[in-house]
Every structure is written in structure tokens, then in C-alpha cells.
Engineer: 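First, the structure itself, so that you have it in front of you.
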Amino acid sequence: MPRSLSSPPKLLAISDLHVMFPENRTLVDSLRPGNDGDWLLVAGDVGEMMGDIEWALSTLSRRFAKVVWVPGNHELWTPREDPVALRGEARYAHLVDLCRDLGVITPEDPYPVWKGAGGPVAVVPLFVLYDYSFRPPGTTKEAALAQAHDAGVVCTDEILLHPDPHPGPDSWCRARVESTERRLAELDPALPTVLVNHYPLVRSPTDVLWYPEFALWCGTERTADWHRRFNAAAVVYGHLHIPRTIWCDGVPFQEVSVGYPREWRRRPRPAPGLSEVQIALRSRV
């Protein structure tokens, strides 16, 4: 039976599903659209194991009219126990192929245009990593990493995320930024965009981290002006596990993480769910 058409289709978003946790897996299994025309943006960190990622994305792709996915750092990990032992770019390519088999849009596909409420807008899934540039002013990458190690704040990426064939995640990030900018430059400048990335595109969301050293693994200064340059009407991201909306230059930046059960259980609100994307019409040119 079709779902209710009493309200128009919505552009919805969620991230950091982390379905390795049974509570999160149950939560994902409970997600349903309110309208058969609803789209869902998944801003990364579905899981680590390829089987878990496939389960979650296949479940969601059967329910929503369109699912758009971007990789988080956890999808790019190569856990020892995962039968799929691919690393770096080869692992990402495998994930893209998996998504295409499921009908899920990836950063390698043509950007779809949402024509529902707030549209038309180009929905732009991004895959840009981090380059350790979110570091204390005046410090080098090496010094900032040393400070993080001394503080005992080191992202698991340093062990499980392999950037092959690049020498490091910062060089992989640089390559992704350059190739993505070329694609973004080809967009119709009159068409607003919804930029979807796992990491925040600007540094300011990391200012509230309990452990400021972790900002090293949270993005790149190279994307700081993308919301202005590429006519963003909204930016959707995750990674920080701090769901909230902030505004930068009149553009809403929505962090839509579920996070780990130990995190979302202590929030003074119901269990996390889907967020409707806030499209700022005033950002149109």
C-alpha cells in the first residue's frame, strides 16, 4: 500500500549509522519514509564490514525513492576480520560498484536534481578526506600529530585506513579535492546545490569537540569556501557525532549523525532518526 501523500515528499538525511552495534542496526531497520517520493542522503560511516554496509544500504534503497551515499572513514577501513581485504582506492571502487548494484547514488555518479520542496537543487555527494590542516595555528602537521599522540587522542584511521596507492590520506585528500573541484565547476551556477560530505566542509563545527586534537581527522581547509563558490543552499555532513545545525554565510550546515549508542542514549531527546534537509532559498543566485 502506498504511503500517505498528505504531505509532500521530503529530502531527508542521516549519517554515522554504525550498524555493527545491535541497537543501531535495529534503529536502521526501523527507518521508513513518510512518502513514497522521499529521498535519503546517507553521509557516511554506515559501518566497517562490507556485509554490514551492503545490508544497510540495500535495506534503505528498497524503501526510499532515491538513496545518495558518501563514504565515511569507517567504510574505508580494512578490518582484519572483513573477508573483503581491499585497501584505499580499490576499497572505495568496490563500495561504488556495490552502491551501483543497489541503485544508490555515489560521488562518482551524475548529480541528481531534487525537484521537491525547496527545489530544484542539485544534490552533490562528495568524497573528500582530511589533510591534517585543522590544526593549531602556526604548527606543522608533524607537530600537531605529535601533540595528539602525547594527549592520547589518535584516530583509528591511523591503523585501519590505508590510502593506497597514495603515500598518505593528505595526498589522497588533495587528489580528491582537485578532481571534485573540476566537476563542481561544470555545474550550472544558477542551480543551487545541496553539498553532502562525511566531514564538515568548514572548520568551525570542530570548535566544540571535547578533544580538540581530533580535529586533525575532521576535514580540510581546502573546502572552506565551497558553500560560497558552488551556490550551496544546504550542507549536510556527519563524522562529529554532534547533531545540530549551524549557519555559515547564510547557509545551513546540518550535522545528522546517529553516532554510537553510548552517545545517543544520553541525549535529552528521543532516539535519533531522519532529519529533513533545510534548504536556504535565499542563497539562490
Side-chain angles (χ1 to χ4, degrees), residues 7-16 33-35 37-44 64-70 72 105-107 109-128 134 177 180-181 183-209 218-259 269 272-285:
S7 60
K10 294 179 178 179
L11 185 60
L12 302 168
I14 198 167
S15 76
D16 295 75
N35 183 294
D38 288 352
W39 287 21
L40 180 60
L41 314 181
V42 181
F64 291 84
K66 192 180 294 293
V67 172
V68 178
W69 165 85
V70 300
I105 302 297
T106 79
D109 297 314
Y111 303 139
V113 176
W114 166 255
K115 297 180 179 178
V121 292
V123 175
V124 180
L126 304 169
F127 171 34
V128 289
F134 288 1
V177 166
T180 303
E181 282 184 321
R183 286 193 67 192
L184 291 171
E186 296 173 355
L187 286 167
D188 179 354
L191 182 64
T193 62
V194 173
L195 303 179
V196 187
N197 192 49
H198 180 61
Y199 305 94
L201 297 180
V202 296
R203 184 172 183 168
S204 58
T206 69
D207 291 344
V208 297
L209 290 174
C218 291
T220 171
E221 297 283 7
R222 291 170 175 264
T223 60
D225 64 351
W226 281 14
H227 61 290
R228 297 191 302 270
R229 287 174 59 196
F230 303 115
N231 196 20
V235 175
V236 174
Y237 68 101
H239 189 57
L240 303 185
H241 296 193
I242 307 173
R244 61 176 182 152
T245 299
I246 65 172
W247 292 75
C248 298
D249 303 308
V251 179
F253 280 62
Q254 289 179 253
E255 211 279 11
V256 294
S257 293
V258 172
R269 65 179 76 181
L274 303 172
S275 299
E276 184 171 3
V277 176
Q278 301 177 36
I279 298 175
L281 299 180
R282 63 180 177 176
S283 70
R284 297 175 186 272
V285 296

Engineer: For Lys10, is there any backbone N or O sitting under 3.5 Å from a side-chain donor or acceptor partner on Asp38?
Structural biologist: yes
Engineer: Could you pull out the closest heavy-atom pair between Ser7 and Asn35, with the gap in Å?
Structural biologist: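 For Ser7 versus Asn35, the nearest heavy atoms are O-ND2, 2.9 Å.
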Engineer: What's the shortest heavy-atom distance between Pro200 and Cys218, and which atoms?
Structural biologist: CD-O, 3.2 Å
Engineer: Looking at every heavy atom in both Phe127 and Thr180, which two are closest together, and how far apart are they?
Structural biologist: O-OG1, 4.2 Å
Engineer: For Gln278 and Trp247, work out which heavy atoms get closest and say how close.
Structural biologist: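 For Gln278 and Trp247, the tightest heavy-atom pair comes out as OE1-CZ2, 3.8 Å.
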Engineer: Would you check if Trp114 and Val277 make a side-chain contact, meaning some heavy-atom pair closer than 4.5 Å?
Structural biologist: no
Engineer: Hey, what do you get for CD1 (Ile242) to OG1 (Thr206), rounding to the nearest 0.5 Å?
Structural biologist: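 Rounded to the nearest 0.5 Å, the CD1-OG1 separation comes to 9.0 Å.
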Engineer: Looking only at heavy atoms, which two atoms of Ile279 and Gly118 are closest? And how far apart?
Structural biologist: CG2-O, 3.6 Å
Engineer: Among Leu187, Val123, Leu191, which residue meets the side chain to side chain contact (heavy atoms under 4.5 Å, CB included) test with Tyr111?
Structural biologist: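 Among the candidates, only Leu187 passes.
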Engineer: Under the salt bridge (charged side-chain N to carboxylate O under 4.0 Å, His left out) definition, can you give me all pairs with a residue in residues 186-202, not counting sequence neighbours?
Structural biologist: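 Listed by first then second residue: nothing to list.
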Engineer: Would Phe134 and Glu221 count as a side chain to side chain contact (heavy atoms under 4.5 Å, CB included) if you check the C-alpha gap in whole Å, the side-chain angles of each, and the deciding distance to 0.1 Å?
Structural biologist: CA-CA 7 Å; Phe134 288 1; Glu221 297 283 7; 3.9 Å; yes
Engineer: Could you tell me whether the side chains of Ser204 and Asp207 share a donor-acceptor contact shorter than 3.5 Å?
Structural biologist: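 No, no side-chain donor-acceptor contact under 3.5 Å.
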Engineer: Verify, without hydrogens or angle tests, whether Gln254 (side chain) and Glu276 (backbone) share a donor-acceptor contact under 3.5 angstrom.
Structural biologist: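 A pair under 3.5 Å: yes.
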Engineer: Just wondering, do Pro205 and Arg244 contact through their side chains at under 4.5 Å, heavy atoms?
Structural biologist: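 Yes. Closest side-chain heavy atoms under 4.5 Å.
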Engineer: Just to verify, what does Asp225 make a side chain to side chain donor-acceptor pair (under 3.5 Å) with, not counting sequence neighbours?
Structural biologist: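 Side chain to side chain donor-acceptor pair (under 3.5 Å) list for Asp225, sorted by chain: empty.
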Engineer: Minimum heavy-atom separation for Gly238 to Ser15, with atom names?
Structural biologist: CA-OG, 3.3 Å
Engineer: Donor-acceptor check, side chain of Ser275 to backbone of Val256, threshold 3.5 angstrom: yes or no?
Structural biologist: no
Engineer: One thing to verify: whether Glu181 and Arg222 come together as a salt bridge, which I'm taking to mean a side-chain N less than 4.0 angstrom from a carboxylate O.
Structural biologist: no
Engineer: So, the side chain of Asp16 versus the backbone of His239: is there a donor-acceptor pair under 3.5 Å, distance only?
Structural biologist: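 Side chain of Asp16 to backbone of His239: a pair is present.
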Engineer: Output the distance between atom CG (Leu41) and atom CG (Leu11), rounded to the nearest 0.5 Å.
Structural biologist: 4.5 Å
Engineer: Would you sort out whether Thr223 and Tyr199 count as a side chain to side chain contact (heavy atoms under 4.5 Å, CB included), showing the intermediate values?
Structural biologist: CA-CA 10 Å; Thr223 60; Tyr199 305 94; over 6 Å; no
Engineer: Say you draw a straight line from CZ of Arg229 to CG of Asn231; how long is it, rounded to the nearest 0.5 Å?
Structural biologist: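 Nearest 0.5 Å value for the CZ-CG distance: 13.0 Å.
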Engineer: Give the C-alpha distance, both sets of side-chain angles, the deciding distance and a yes or no for side chain to side chain contact (heavy atoms under 4.5 Å, CB included) between Leu184 and Trp226.
Structural biologist: CA-CA 9 Å; Leu184 291 171; Trp226 281 14; 3.8 Å; yes
Engineer: Please list, chain by chain and in numerical order, all residues satisfying ring-ring contact (aromatic ring centres under 6.0 Å, His included) with Phe253, sequence neighbours excluded.
Structural biologist: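 His227.
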